[in-house]
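Step one of this worksheet: look at the structure below.
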Amino acid sequence: MSSVRKPLVIGNWKMNGLVAASGALTRELGETLRTPEMCEVVLCPPFTALQQVGQLLTGLKIRLGAQNGFPADKGAFTGEVSMAMLRDIGCDYVLVGHSERRQHLSEGDGFVARKVVAAVSHDLTPVLCVGESGEVRAAGESESFVLGQVERGLSMLPVGASFVLAYEPVWAIGTGLAATARDANAMLAAVREWLCEKRGIPRDTFRLLYGGSVGPENIADFTAQNEIDGALVGGASLNAQAFAAVVLGAARGYLCTNK
Ligand code: PGA
């Protein structure tokens, strides 16, 4: 099977940006990132801006993603947005199991696993987010914790379905304290190995990202690692110049490898 490991940079705007500001940021990015040929780029704005950002991306090589989706197609789920609705509005990707949702909304692995399946069944690529807390790290249990999240989160993934996995240590998100590229690579090497060995998924048919305080200054270090195919970017994705520099850096780091 051929490799899908073209570099991927996903901007996660989180709960930031009214409609006007989201439009302005998208326009500025469209101008700054004219030909992100080397790198696939995805924007994940808040739900309220998805439609507008999607329209502004028409004709650009930047794809649309959502930050969350619910694992039922329709019905009495007040306040939720289904994967079918996300597909309908033009999304190609959806983040699933982000640590902020696990923490603030008590989302567990079983619920996350159902979201993965729902996304796939609506032709969306799920981006499963995993990562250990500072306490788990201090206890020296990061790898077993992360592999457990991977196992449970992808437990219902249909054979052959596309997916992306983002390793985002909780202690590195929004703190300015990124993991070292070596440590992130070691974790993602363990994840890739596990998916190949235990799930029989061919090695180059899925992408593994790092996330947590990624910016223009460190992105190339991450993508220069053999197991890291790109990044999930929070804070730096809210500034067009910084995000464009991250995309360029991702491509530059990638060129140092033979993935
Ligand atoms: P950060 O967020 O880049 O601001 O650390 C990353 C994320 O939460 O996806």
Side-chain angles (χ1 to χ4, degrees), residues 7-17 21-22 25 29 39-47 49-50 53 62-69 91-107 112 115-116 119 125-134 136-137 142 145-146 149-150 153 163-181 183-184 187-188 191 207-223 225 228-250 253:
L8 171 65
V9 174
I10 304 179
N12 172 15
W13 294 0
K14 309 193 179 184
M15 199 174 72
N16 292 294
S22 298
L25 178 55
L29 263 173
C39 197
E40 187 176 347
V41 180
V42 178
L43 300 182
C44 298
F47 285 137
L50 273 176
V53 172
I62 303 176
R63 314 253 221 135
L64 189 65
Q67 297 174 20
N68 180 43
C91 291
D92 289 315
Y93 288 85
V94 59
L95 306 185
V96 169
H98 191 282
S99 65
E100 285 152 13
R101 298 195 62 83
R102 294 179 189 262
Q103 188 188 338
H104 302 304
L105 295 138
S106 306
E107 290 194 1
V112 167
K115 293 184 184 208
V116 168
T125 300
V127 180
L128 174 67
C129 304
V130 297
E132 81 285 0
S133 65
V136 170
R137 181 186 189 219
S142 301
F145 181 88
V146 167
Q149 283 184 322
V150 173
F163 68 96
V164 172
L165 187 139
Y167 167 54
E168 299 202 300
V170 176
W171 48 268
I173 296 179
T175 58
L177 276 177
T180 65
D183 286 353
M187 180 64 82
L188 289 174
V191 169
R207 286 181 287 189
L208 300 178
L209 312 183
Y210 168 75
S213 298
V214 169
E217 68 295 342
N218 60 12
I219 179 66
D221 297 340
F222 288 107
T223 54
Q225 302 287 323
I228 305 182
D229 301 314
L232 180 52
V233 185
S237 72
L238 294 171
N239 177 296
Q241 301 300 326
F243 191 61
V246 168
V247 172
L248 276 181

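Both ligands and their constituent atoms are indexed starting at 1 by order of listing. Keep in mind it's a predicted model, so treat the numbers as computed, not measured. What's counted below: heavy atoms across the whole structure, side chains too, no hydrogens, waters or symmetry copies.
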| message | Nearest 0.5 angstrom please: Lys14 NZ to Ile173 CD1, how far? | response |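 It comes to 5.5 Å.
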
| task | With sequence neighbours excluded, tell me which residues meet side-chain contact (heavy atoms from CB on, under 4.5 Å) with Leu248. | result |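 Testing Leu248 for side-chain contact (heavy atoms from CB on, under 4.5 Å), a comparison that skips the adjacent residues, returns none.
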
| N-O pairing of Arg101 and Glu107 below 4.0 Å |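 Salt bridge between Arg101 and Glu107, a charged N being under 4.0 Å from a carboxylate O: yes.
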
| message | According to salt bridge (Lys or Arg N to Asp or Glu O under 4.0 Å), who are the partners of Arg137, at least two apart in sequence or on a separate chain? | response |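 Partners of Arg137 under the salt bridge (Lys or Arg N to Asp or Glu O under 4.0 Å) test: none.
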
Hey, what polar pairs (N/O, under 3.5 Å) does ligand 1 make with protein?
residue  : atom  : partner : partner atom : Å
ligand 1 : 2 (O) : Lys14   : NZ           : 3.2
ligand 1 : 3 (O) : Gly234  : N            : 2.8
ligand 1 : 4 (O) : Gly235  : N            : 2.8
ligand 1 : 5 (O) : Gly174  : N            : 2.7
ligand 1 : 5 (O) : Ser213  : N            : 2.8
ligand 1 : 8 (O) : Lys14   : NZ           : 2.7
ligand 1 : 8 (O) : His98   : NE2          : 2.7
ligand 1 : 9 (O) : His98   : NE2          : 3.3
ligand 1 : 9 (O) : Glu168  : OE1          : 3.4
ligand 1 : 9 (O) : Glu168  : OE2          : 2.7

| query | With a 4.5 Å heavy-atom cut-off, do Leu165 and Leu209 have their side chains touching? | reply |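 No - every pair of side-chain heavy atoms lies 4.5 Å or more apart.
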
| query | Can you list every salt bridge (charged side-chain N to carboxylate O under 4.0 Å, His left out) pair that touches residues 228-248, not counting sequence neighbours? | reply |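 For residues 228-248: Arg5-Asp229, Arg192-Asp229.
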
